[in-house]
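Reading through the structure tokens given below for one structure.
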Amino acid sequence: MSAMSRIEREKKAHELFTRFEGNPILTADRWPYAANAVFNPAAAQLDGETLLLVRVEDMRGFSHLTVARSPNGLTDWTVDREPTLTADPTSHEERWGLEDPRIVWLEEQRQFAVTYVSFSEGGPIVSLAITKNFHTFARLGGLLPPEDKDACLFPRRFGGRFALIHRPIVRGEAHIWISFSPDLKHWGDHQLLIPTRAAYWDCHRVGLACQPIETPEGWLIFYHGVRSTTAGQIYRTGLALLDLNRPWKLLRRSDEWILGPHAPYERVGDVGDVVFPTGATVDKQTDELRLYYGAADCTVAVATARMTDLFDYISASPQVDD
């Protein structure tokens with residue numbers, strides 16, 4: 001592929017995603033039980049359907065997770081009549097609810113891994129549950145100490161070790177890290193993966209968006225970046241590429257954001273100016289990626305892009321020095 005100029009790359013970044021004309025696709029006023037907001041869904045494909053595990057905030061301000069299913073991933077959603085995964089009343093770590101899940105299929109274990117945030121007085125921590133059917137779950141508990149969020153496992157091991165992307169707060173700084181474990185219980189070899197960038201759109205905070213997406217060229221990583229302004233914080237989405245067999249090696253990173261708050265349902269809500277992706281699906285036959293995201297911390301929306309276009313763009317983005 002020929003090299004792109006900065007102006008050409010910025011134009012392409014702006015054109016990568018198309019918002020679904022039926023957005024928002026899930027809203028609290030159409031939920032089967034009382035809810036303040038529905039947002040930040042994890043995504044998976046199961047039994048020929050698209051499955052979203054949606055964060056639902058109740059009228060106390062606490063969150064739980066509920067499954068919504070669609071035959072086409074866009075319309076005709078069927079939502080569980082009751083919460084699917086709620087806080088364990090015996091767990092101090094989950095006292096104030098469960099938030100922001102991500103899903104991967106662990107081929108070796110033949111199960112889905114759901115990472116989510118447990119919230120209590122000690123702060124947010126990354127927790128893990130395993131399921132085959134999204135009806136019953138085996139909780140494995142907290143993985144790393146607080147404060148930590150925005151986490152997801154990779155779907156396979158590297159050198160016999162599981163790998164986890166997460167966002168701890170270290171010395172008050174909010175960067176994306178990667179850590180490794182032989183058994184999903186003991187974690188170490190912590191490495192900084194994607195830092196914030198001074199003066200850029202992602203200068204104040206970054207965190208993983210949807211689950212890592214494996215491709216022959218490497219792992220596509222969508223991430224959110226935050227910039228604080230006099231009018232408040234703006235949450236936008238960027239793209240990065242990790243080495244396929246050494247995911248701790250960042251190869252390329254977009255200078256530009258590729259999806260930011262623009263539509264009214266993204267700009268106005270409980271938290272305005274927020275586009276917060278947490279799930280994606282890929283149709284290899286049609287070359288389409290669907291990115292599911294929370295909009296303004298109120299509703300669920302979806303935007304689509306061609307995988308070919310995403311690779312053209314990230315391939316033209318700056319290489320990252322070792």
Side-chain angles (χ1 to χ4, degrees), residues 1 3-21 23-25 39-41 43 73 102 150 152 165 167 175-176 193-197 199-215 217-227 229 233-242 250-267 273-283 286-296 300-320:
M1 187 196 70
M4 291 185 195
S5 68
R6 181 182 61 81
I7 293 176
E8 290 172 330
R9 197 176 63 237
E10 287 183 351
K11 182 176 185 294
K12 190 170 186 66
H14 179 72
E15 297 173 343
L16 284 174
F17 278 96
T18 300
R19 290 167 173 80
F20 176 51
E21 61 184 10
N23 277 344
I25 57 174
F39 55 116
N40 299 2
R102 277 86 170 175
D150 302 325
C152 190
I165 292 181
R167 204 285 307 282
H175 310 300
I176 298 174
L193 186 63
I194 302 176
T196 58
R197 295 181 291 194
Y200 277 72
W201 60 273
D202 50 4
C203 58
H204 288 108
R205 192 159 61 251
V206 291
L208 180 69
C210 64
Q211 73 273 24
I213 298 173
E214 186 173 7
T215 74
E217 292 81 5
W219 295 93
L220 271 183
I221 300 296
F222 294 86
Y223 72 94
H224 66 260
V226 181
R227 184 170 190 169
T229 74
Q233 296 182 331
I234 305 174
Y235 281 72
R236 302 181 176 109
T237 304
L239 188 62
L241 185 68
L242 307 182
L250 177 61
L251 301 178
R252 294 182 181 271
R253 181 180 181 180
S254 63
D255 274 348
E256 306 83 11
W257 68 83
I258 58 175
L259 188 66
H262 176 73
Y265 53 85
E266 298 162 348
R267 303 216 63 189
D273 286 330
V274 172
V275 167
F276 198 89
T278 41
T281 61
V282 177
D283 188 327
T286 63
D287 192 42
E288 183 181 71
L289 177 138
R290 290 177 181 165
L291 193 64
Y292 295 92
Y293 60 96
V300 175
V302 60
T304 61
R306 294 178 65 242
M307 289 292 290
T308 301
D309 291 340
L310 290 169
F311 276 114
D312 285 349
Y313 169 74
I314 195 62
S315 298
S317 294
Q319 289 182 303
V320 178

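Counting from 1, the numbers follow the sequence of the chain as shown. In this text, all values refer to a predicted model and were calculated from it rather than measured experimentally.
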Dump the intermediate steps for side chain to side chain contact (heavy atoms under 4.5 Å, CB included) on Thr278 and Phe39, then the final yes or no. CA-CA 9 Å; Thr278 41; Phe39 55 116; over 6 Å; no
Mind checking the OH-CZ spacing from Tyr200 to Arg253? Nearest 0.5 Å is all I need. 9.0 Å
Could you tell me whether Arg102 and Asp150 make a salt bridge, using a distance below 4.0 angstrom between a side-chain N and a carboxylate O? yes
For Ser317 and Ser254, work out which heavy atoms get closest and say how close. OG-CA, 3.8 Å
Heavy-atom nearest pair, Leu250 first then Ile194, reads CD2-CG1, 4.2 Å
For side chain to side chain contact (heavy atoms under 4.5 Å, CB included), just list the numbers for Tyr235 and Val275, CA-CA rounded to whole Å, side-chain angles, deciding distance to a tenth of an Å, and then say yes or no. CA-CA 6 Å; Tyr235 281 72; Val275 167; 5.7 Å; no
Exactly one of Gln233, His175, His224 clears side-chain hydrogen bond (donor to acceptor under 3.5 Å, both in side chains) with Arg205, and that residue is Gln233
May I ask you to decide if Thr308's main-chain N or O and Asp287's side chain share a donor-acceptor pair within less than 3.5 Å? yes
Which distance, rounded to the nearest 0.5 Å, do you find between the CG of Leu241 and the OG1 of Thr215? 6.5 Å
Approximate separation, where rounding is to 0.5 Å, of Lys11 NZ and Leu16 CG: 11.0 Å
Looking at Leu310 and Leu239, what are the two nearest heavy atoms and their distance? O-CD2, 4.0 Å
To the nearest 0.5 Å, what is the distance between CD on Glu266 and CG on Leu259? 6.5 Å
Decide side chain to side chain contact (heavy atoms under 4.5 Å, CB included) for Leu289 and Phe222; before the verdict, give the C-alpha distance in whole Å, the side-chain angles of both, and the deciding distance to 0.1 Å. CA-CA 12 Å; Leu289 177 138; Phe222 294 86; 4.0 Å; yes
Of all the heavy-atom pairs spanning Pro261 and Ile234, show the shortest one and how long it is. CG-CG2, 3.8 Å
Flag the pair Tyr293 / Val274 as yes when at least one side-chain heavy-atom distance between them is below 4.5 Å, and no otherwise. no
Distance check, rounded to the nearest 0.5 Å: Arg19 atom CZ versus Tyr265 atom OH? 5.5 Å
Tell me whether the rings of Tyr223 and Trp201 are parallel (<30°), tilted (30 to 60°) or perpendicular (>60°). parallel
How close do Ile221 and Pro212 get, counting heavy atoms only, and between which atoms? CD1-CB, 3.7 Å
Counting only N and O atoms by type, is there a donor-acceptor contact under 3.5 Å from the side chain of Gln211 to the main-chain atoms of Gly279? no
To the nearest 0.5 Å, what is the distance between CZ on Arg9 and CG on Asp255? 5.0 Å
When you look at Thr304 and Phe20, which way does the side chain to side chain contact (heavy atoms under 4.5 Å, CB included) test go after all the steps? CA-CA 7 Å; Thr304 61; Phe20 176 51; 5.9 Å; no
Between Arg236 (side chain) and Asp202 (backbone), is there a donor-acceptor pair under 3.5 Å? no
Polar side-chain atom of Tyr292 near backbone of Gly73 as donor-acceptor pair, under 3.5 Å: yes
May I ask you to say whether Lys12 pairs ionically with Glu8, meaning some side-chain N is under 4.0 Å from a carboxylate O? no
What are the two closest non-hydrogen atoms of Gly225 and Val206, and how far apart are they? CA-CG1, 4.3 Å
